[in-house]
Amino acid sequence: MTMKDQIETEVNQYLADNGMVTSYQRLMYAGPSMRTRHSLVLVFTEVGLITFSFSIVSKSETQMFFLPKDKIRAIRLDKKRFVHKLSMEAENEEGQVERAQYFVSKRVFGRPWHTETLQKLFDKKIFSPLS
C-alpha cells in the first residue's frame, strides 16, 4: 500500500468514525521550516483540513489533527523563488484566531498529488470561499 493510500484510508476511517463524508481529498507535503518541509502531509477536504505530522526517523510518532472547515478563516499560498509559503488563519477552541505558516516544496519527486494540490490552491479551487 502506498503512503497516499494509507493516508486516504486513515482519513476515510476518521471521517466515518465522526459521521462525516468527503468526496475529495487533496494531499500536499509541507513543513514549518525549510529543512523539515516534508514533516507534514496536509489533506484538504470539503469538511476541513487534516494534518499528518510525522517523523522520518520513527513512524510511530505520526499524529493526525483535524481542523473543521468552518474554523478556517484564510488560506493563502505565495509563490517564492525556492519554496512556496502557505499561510493559514484559523479559530481555536477559545475563539481566537491563530496563524500558521508552512513551507511547501515546489515539487516532490514521485508525488504527482503534491503538484496537483499546489495547482488547485493557486487556482483557488480548494476552500474557494476562504482563499
Side-chain angles (χ1 to χ4, degrees):
M1 181 181 285
T2 67
M3 183 182 79
K4 182 178 188 269
D5 292 337
Q6 281 183 293
I7 289 172
E8 288 176 341
T9 299
E10 286 189 44
V11 167
N12 287 332
Q13 185 62 52
Y14 173 82
L15 294 175
D17 290 349
N18 289 281
M20 295 180 277
V21 179
T22 184
S23 63
Y24 69 84
Q25 296 179 16
R26 304 279 186 236
L27 282 69
M28 184 175 69
Y29 278 122
S33 70
M34 294 276 288
R35 293 182 165 253
T36 60
R37 66 177 175 258
H38 295 151
S39 63
L40 293 173
V41 174
L42 304 177
V43 184
F44 296 90
T45 72
E46 67 261 61
V47 296
L49 175 68
I50 299 170
T51 63
F52 286 87
S53 174
F54 60 92
S55 167
I56 293 175
V57 177
S58 171
K59 290 195 175 209
S60 64
E61 292 181 29
T62 301
Q63 295 179 323
M64 185 179 87
F65 299 97
F66 175 70
L67 181 61
K69 183 178 178 180
D70 63 342
K71 298 288 184 184
I72 299 171
R73 298 292 173 241
I75 295 177
R76 179 181 169 143
L77 187 62
D78 294 314
K79 290 184 179 185
K80 299 293 180 183
R81 185 171 181 179
F82 297 107
V83 295
H84 300 308
K85 185 172 76 173
L86 178 69
S87 303
M88 296 175 38
E89 291 182 3
E91 186 179 315
N92 64 18
E93 295 82 19
E94 292 82 35
Q96 300 169 328
V97 175
E98 291 186 13
R99 291 172 181 78
Q101 288 188 343
Y102 302 101
F103 290 98
V104 179
S105 175
K106 290 185 176 188
R107 61 189 251 199
V108 178
F109 295 105
R111 304 288 190 231
W113 44 263
H114 174 85
T115 306
E116 291 167 11
T117 301
L118 270 176
Q119 190 57 53
K120 293 208 177 282
L121 276 169
F122 280 126
D123 293 344
K124 300 194 185 312
K125 293 183 180 171
I126 293 180
F127 299 141
S128 56
L130 302 171
S131 297

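Fair warning: this is a prediction, and the values are worked out from it, not measured in the lab.
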Taking the side chain as every heavy atom from C-beta outward, state whether Met28 and Val41 have any atom pair closer than 4.5 Å. no
With a 4.5 Å cut-off on side-chain heavy atoms, are Leu15 and Val21 touching? no
Rounded at 0.5 Å granularity, tell me how far CD in Gln25 sits from CD1 in Ile50. 7.0 Å
Do side-chain atoms of Asn92 reach the backbone of Glu94 as a donor and acceptor pair under 3.5 angstrom? yes
Go through the side-chain N and O atoms of Asp5 and Thr2 and say whether any donor and acceptor fall under 3.5 Å apart. yes
CD1/Ile75 to CZ/Phe44 distance, rounded to the nearest 0.5 angstrom? 5.0 Å
Are Leu49 and Thr45 close enough that some pair of their side-chain heavy atoms sits under 4.5 Å apart? no
Distance from Glu91 atom CD to Lys71 atom NZ, nearest 0.5 Å? 4.5 Å
With a 4.5 Å limit on heavy-atom distance, are the side chains of Lys69 and Val47 in contact? no
The reported gap from CD in Gln63 to CG in Leu40 (rounded to nearest 0.5 angstrom) is 10.5 Å
Ion pair present between Lys4 and Glu8, side-chain N to carboxylate O less than 4.0 angstrom? yes
With sequence neighbours excluded, tell me which residues meet ring pair (Phe, Tyr, Trp, His ring centres under 6.0 Å) with Phe66. Tyr14
Contact check, side chains of Thr22 and Asn12, non-hydrogen atoms, under 4.5 Å: yes
Listed by chain and number, what are the salt bridge (Lys or Arg N to Asp or Glu O under 4.0 Å) partners of Asp70, not counting sequence neighbours? none
Pairwise distance NZ(Lys120) to OG1(Thr117) - rounded to 0.5 angstrom: 8.5 Å
For the atom pair CD1 (Ile72) and CG (Leu67), what is the distance rounded to the nearest 0.5 Å? 4.5 Å
How about Phe103 and Tyr29: do any of their side-chain heavy atoms sit closer than 4.5 Å? no
Show, in sequence, the C-alpha distance, side-chain angles and deciding distance for Phe52 and Val11, and conclude whether the side-chain contact (heavy atoms from CB on, under 4.5 Å) test is met. CA-CA 10 Å; Phe52 286 87; Val11 167; 3.7 Å; yes
Cluster overlap Val104 with Phe122, hydrophobic side-chain contacts below 4.5 Å: yes
Sub-3.5 Å donor-acceptor pair from the side chain of His114 to the main-chain atoms of Ala30, do we have one? no
Below 3.5 Å, can you tabulate the donor-acceptor pairs from side chains in residues 80-89 to any protein atom, sequence neighbours excluded?
from, atom 1, to, atom 2, distance (Å)
Glu89, OE2, Arg99, NE, 3.2

